[in-house]
Amino acid sequence: MNPSSNPAAALPDYPGNLYVVSAPSGAGKSSLVKALLELDARLMVSVSHTTRAPRGQEQHGREYWFVGQDEFQAMIDRGDFFEWAQVHGNRYGTSRAAIERRLQAGEDVVLEIDFQGALQIKQIFPAAVLIFILPPSWEELLQRLRRRGEDTPEVIEQRMINARHEVAQARHFDYIVVNALFDTALFDLKTIVHAQRLKYSTQRRSRPAVFDALQLS
Ligand SMILES: Nc1ncnc2c1ncn2[C@@H]1O[C@H](COP(=O)(O)OP(=O)(O)OP(=O)(O)O)[C@@H](O)[C@H]1O
Ligand SMILES: Nc1nc2c(ncn2[C@@H]2O[C@H](COP(=O)(O)O)[C@@H](O)[C@H]2O)c(=O)[nH]1
């Protein structure tokens with residue numbers, strides 16, 4: 001768990017929705033979120049900061065803001081993070097400024113973060129919708145990590161070990177999606193986002209258009 005987070009102040013009820021997607025490494029959350037963003041123009045993904053080195057084709061400011069240990073620590077000390085955690089030996093964090101500005105502007109934001117960060121966020125922002133992606137089997141998870149071809153065998157082994165602990169946290173999430181067939185999982189994710197958007201808009205200032213059409217109060 002986050003060892004030295006700043007005391008987190010509860011966030012106000014923003015007009016935008018916050019979705020948090022977690023999964024063990026290799027379960028497919030980045031692929032699913034990327035596909036979801038292509039289908040849903042109202043969703044924005046937040047780019048995290050990390051101390052991990054870039055891999056493959058990753059670019060600074062696109063997949064992550066890649067920063068050194070000192071810079072990351074300075075951000076923690078200044079209280080710049082909404083949440084942060086140590087994951088697979090590196091530190092990752094979500095910048096407070098980017099999220100709050102977007103939610104305040106009524107945008108819907110998706111965070112792709114680990115379970116520790118997700119649980120921190122639920123505490124300070126209970127309206128956040130927590131979604132956990134499960135792989136269909138351990139064997140398939142291993143094959144996906146190997147097929148992705150971006151991590152060494154040692155890193156893959158460590159991620160498989162960590163995955164056992166991570167999937168045990170799924171029960172704390174609002175929804176679980178099994179990513180066996182990609183299109184089915186994407187459909188499930190899309191349905192959750194859509195249903196929550198309708199539900200929350202009834203509790204807030206904006207009413208879904210269908211409420212007016214049906215003359216509901
Ligand atoms: N339903 C699926 N069936 C088969 N392969 C899949 C499926 N979903 C994703 N993959 C593949 O599995 C690999 C891992 O997916 P991805 O990188 O999206 O995982 P991730 O959960 O975001 O991992 P990390 O947390 O390490 O970034 C990729 O090569 C991706 O193309
Ligand atoms: N708590 C947070 N976890 C994060 C954040 N950004 C990414 N992550 C998680 O880290 C692992 C490893 O990611 P990888 O890109 O190195 O494979 C994965 O579970 C991510 O979801 C964050 O800002 N906070």
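Every number for a ligand or one of its atoms is a count from 1 in the order of the listing. Throughout, numbering of the chain's residues begins at 1 and tracks the sequence. Please read all numbers here as calculations on a predicted model, not as lab measurements.
For the pair H49 and ligand 2, the shortest N or O to N or O distance does not fall below 3.5 Å. At least one N or O atom of Y64 sits closer than 3.5 Å to an N or O atom of ligand 2. The shortest N or O to N or O distance between G93 and ligand 2 is under 3.5 Å. On a distance-only criterion, E58 and ligand 2 share no N/O pair closer than 3.5 Å. At a 3.5 angstrom cut-off on N or O pairs, R148 does not count as close to ligand 2.
Each of the following atoms of ligand 1 lies closer than 4.0 Å to a heavy atom of P24: 21 (O). Within ligand 2, the atoms closer than 4.0 Å to a non-hydrogen atom of G117 are 1 (N), numbered from 1 in the order shown.
Heavy-atom distances between A180 and ligand 1 reach below 4.0 Å in at least one pair. Within the 4.0 Å heavy-atom cutoff, E63 does not count among the residues contacting ligand 2. Heavy-atom separations between R159 and ligand 1 include at least one value shorter than 4.0 Å. Not a single heavy atom of Q120 sits under 4.0 Å from any atom of ligand 2.
Atom 9 (C) of ligand 2 has as its closest protein heavy atom D114 N, 3.7 Å. At the shortest separation from atom 22 (O) of ligand 1 among protein heavy atoms lies S30 OG, 2.6 Å. Of the protein's heavy atoms, R159 NH1, 2.7 Å lies nearest to atom 17 (O) of ligand 2.
Using modelled atom types, one finds a donor on one side chain and an acceptor on the other under 3.5 Å when comparing Q143 with E139.
Nearest residue to atom 30 (C) of ligand 1 from A23, S31, A27 is S31 (criterion: closest heavy atom).
Proximity of R55 to ligand 1, defined as any heavy-atom pair under 4.0 Å, is confined to the side chain (atoms from C-beta onward).
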